[in-house]
Amino acid sequence: MYPWGDERRYNSYSGYFRRTFGSRIQKLSVNAGFSCPNRDGTLSYGGCTFCSNEAFTPSYCRPVKSVRQQLQEGIEFHRNRYRQADRYLAYFQSFSNTYAPLDRLKTVFAEAFELPEVAGIIVGTRPDCIDGRKLDYLAELAQRYYVTIEYGIESCYDKTLQEINRGHDFDCALRAVEATAARGIPVGAHFILGLPGETRAMMQDQVGRINALPLTTVKFHQLQIFKGTRMAEMYREHPADFQFFEVDEYIDFVIDLLERIRPDLVLERFASEAPPRYQAGPTWGLIRNEQLWSRFECRLRERDTFQGALFR
C-alpha cells in the first residue's frame, strides 16, 4: 500500500476520484464557445505555436450546441460505452474558459448543473485569464459542487514560453495557482515535455518548481506537431531544432520525473493521443491511451519503483 492508499505505483486520477466521490466518475468535455486572448488580438493572433484545439476535442463538442446538449450527448455516449459511471464532471476544455465577463461565466457554468448527474466542473484556462472576482465566484460555487481549475502552464522557463508565443511568463502562472489554492479550490496544471530548446536536463529540473506549486493534479504531454499550427511550419523549416521521444524512451523519462514528484500530487495524465489526420510530425502510430497506461504501469513494476521514490 502506497501513501495515496492503493496498490498502484503512482497517485492515480481514478484513485483520487474514488477517494473524493466514493465511486467512479466520468469527465465530459464541453466546448462553450470561449475564445483566447492569444487568438483574438488582445495579446496576439493565431494562438500558441503548438495549439490545435480540434485535435483534442470530441466530435460531440461543438459550440453551436448548448452546454446542456453537449453534456446530454456525452452522458449517453459514456453510458453506452462504459456503463459504470453514474456521476459526471463537465470539463470546460476548449480554449480559455474564464476568458469572458463574470456574468457570462455564471450563466455558462450554471447550465452544466441543470443536469442532476453533473457533480462538478473542471475549468480549463490560462493563468492570465483569471482574477479575484472570478476566483471568489468559483470558490463560492465550490462550496456546493466539485470545482477544479486547470491551468495551461506548459513550461517553467520564460524563454520557452516566449518562443511558443504563450503570452505570459511563469510568474503569472505561479500567482494564478497560488491565488486559486488559497481559496480552497483544487488546482491542476498542464506541461508539455519536449518543447523546442529544452534539454532533458531542463525538463527534469522543472520537477522542483512543480513540486513547490500548491497543485492537486498534474498533466504531462509529449510534444506533438499538428497541422495548421505555427509549430508545424517551424518543423518543416528547421526539423533539426526538434527532438522527439520514442514511446518506450518517453515512458522511462516520465518515470524518472515521477520518482521525484511529491507523493500527494495526483498524476492525471502522462501522455496524449490525437487522431493521425491532425499530425504533422513524428508519431507513435495508433497506440491508444489505455495501452500507454498499461506499458507505463508494467515499466514501473519492472523498475520496481514508484511515485516519490526519490522525493525529498
Side-chain angles (χ1 to χ4, degrees), residues 4-6 11-35 53 56-125 129-130 133-151 180-181 183-190 215-217 219 266-269 289-290:
W4 39 88
D6 61 43
N11 194 348
S12 71
Y13 200 43
S14 59
Y16 165 69
F17 279 134
R18 282 195 302 273
R19 296 190 297 272
T20 303
F21 292 98
S23 62
R24 178 184 169 87
I25 197 159
Q26 180 67 49
K27 286 199 309 184
L28 300 174
S29 295
V30 176
N31 185 339
F34 291 105
S35 184
N53 185 70
F56 295 101
T57 303
S59 58
Y60 63 80
C61 293
R62 295 292 179 266
V64 294
K65 301 176 182 177
S66 68
V67 169
R68 182 188 180 99
Q69 183 181 354
Q70 291 179 57
L71 289 171
Q72 287 174 323
E73 292 179 7
I75 288 171
E76 185 64 24
F77 171 80
H78 282 282
R79 279 178 175 166
N80 291 335
R81 181 175 180 180
Y82 298 108
R83 302 182 183 275
Q84 294 178 349
D86 55 7
R87 303 181 76 192
Y88 299 86
L89 298 176
Y91 178 23
F92 289 87
Q93 177 181 10
S94 301
F95 299 114
S96 304
N97 291 275
T98 56
Y99 185 50
L102 181 57
D103 286 345
R104 185 185 173 205
L105 299 185
K106 290 180 177 180
T107 299
V108 169
F109 297 151
E111 191 175 347
F113 294 111
E114 292 176 3
L115 299 176
E117 301 97 328
V118 174
I121 59 174
I122 300 170
V123 182
T125 192
C129 291
I130 201 71
R133 291 182 65 234
K134 292 173 183 175
L135 285 174
D136 288 343
Y137 159 67
L138 289 165
E140 179 185 343
L141 199 61
Q143 295 178 15
R144 291 173 286 149
Y145 305 102
Y146 177 85
V147 175
T148 288
I149 302 179
E150 181 180 291
Y151 291 109
T180 306
R183 288 168 169 81
I185 302 171
V187 193
H190 177 273
L215 295 171
T216 303
T217 66
K219 284 181 177 179
V266 176
L267 180 63
E268 181 176 349
R269 187 181 291 274
N289 272 332
E290 54 266 28

**OP:** Walk me through it: do Gln72 and Glu76 pass the test side chain to side chain donor-acceptor pair (under 3.5 Å)?
**Re:** CA-CA 6 Å; Gln72 287 174 323; Glu76 185 64 24; over 6 Å; no
**OP:** Give the C-alpha distance, both sets of side-chain angles, the deciding distance and a yes or no for side-chain contact (heavy atoms from CB on, under 4.5 Å) between Thr180 and Arg183.
**Re:** CA-CA 5 Å; Thr180 306; Arg183 288 168 169 81; over 6 Å; no
Original post:
When you look at Thr148 and Thr216, which way does the side-chain contact (heavy atoms from CB on, under 4.5 Å) test go after all the steps?
Top reply: CA-CA 9 Å; Thr148 288; Thr216 303; over 6 Å; no
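A donor-acceptor pair under 3.5 Å is absent between the side-chain atoms of Lys65 and the main chain of Asn31, judged by distance alone. Of the possible polar contacts, none joining the Arg269 side chain to the His190 backbone as a donor-acceptor pair under 3.5 Å is found. A donor-acceptor contact shorter than 3.5 Å is absent between the side chain of Thr217 and the backbone of Val266. Distance alone, capped at 3.5 Å, places no donor-acceptor pair between the Asn97 side chain and the Val123 backbone.
The two atoms that bring Asp86 and Glu117 nearest to each other are O-CB, 4.1 Å, heavy atoms only. When all heavy atoms of Cys129 and Lys134 are compared, the pair lying nearest together is O-NZ, 4.0 Å. Between Ile121 and Ala112 the shortest heavy-atom distance is CG2-CB, 4.2 Å. Closest approach of Gln93 to Ser29, counting heavy atoms only: OE1-OG, 2.6 Å. Taking all atoms of both residues into account, the shortest heavy-atom contact from Ile25 to Ala119 is CD1-CB, 4.0 Å.
By the 4.0 Å N-to-carboxylate-O rule, Arg68 lies too far from Glu111 to be salt-bridged with it.
To the nearest 0.5 Å, the span separating CD1 on Ile185 from CD1 on Ile130 amounts to 7.5 Å. Here the OG1-OH distance, from Thr98 to Tyr137, works out to 12.0 Å after rounding to the nearest 0.5 Å. One distance of note links CG of Leu115 with CZ of Arg87; it measures 13.5 Å at 0.5 Å rounding. To the nearest 0.5 Å, the span separating CZ on Arg79 from OH on Tyr88 amounts to 5.0 Å. Taking CG of Leu105 as the start and CG of Leu138 as the end, the distance is 7.5 Å to the nearest 0.5 Å. Going from atom OG of Ser12 over to atom CZ of Phe17 covers 10.5 Å, rounded to the nearest 0.5 Å.
Side chains of Glu268 and Tyr16 form no contact here, defined as non-hydrogen atoms less than 4.5 Å apart. Here the side chains of Leu267 and Asn11 are not in contact, with every heavy-atom distance at 4.5 Å or above. A 4.5 Å side-chain heavy-atom check between Glu114 and Leu71 finds every atom pair outside the cut-off. The closest side-chain heavy-atom distance from Lys27 to Tyr13 is below 4.5 Å. Tyr146 is listed as a side-chain neighbour of Thr20, based on a closest heavy-atom distance under 4.5 Å. Looking at heavy atoms from C-beta onward, Tyr91 lies out of side-chain contact with Leu89 at the 4.5 angstrom threshold. Residues Ile149 and Leu135 meet the side-chain proximity criterion, which asks for heavy atoms closer than 4.5 Å. Between Val108 and Val30 there is no side-chain heavy-atom pair separated by less than 4.5 Å.
With sequence neighbours left out, the ring pair (Phe, Tyr, Trp, His ring centres under 6.0 Å) criterion links Phe34 to no other residue. Applying the ring pair (Phe, Tyr, Trp, His ring centres under 6.0 Å) test to Phe113 and every residue at least two apart in sequence or in another chain returns Tyr145. Contacts of Phe109 classified as ring pair (Phe, Tyr, Trp, His ring centres under 6.0 Å), with partners at least two apart in sequence or in another chain: Phe92.
For Arg133, the CZ atom sits in a loose shell: 12 or fewer heavy atoms of surrounding residues, nucleotides or ligands are nearer than 6.0 Å.
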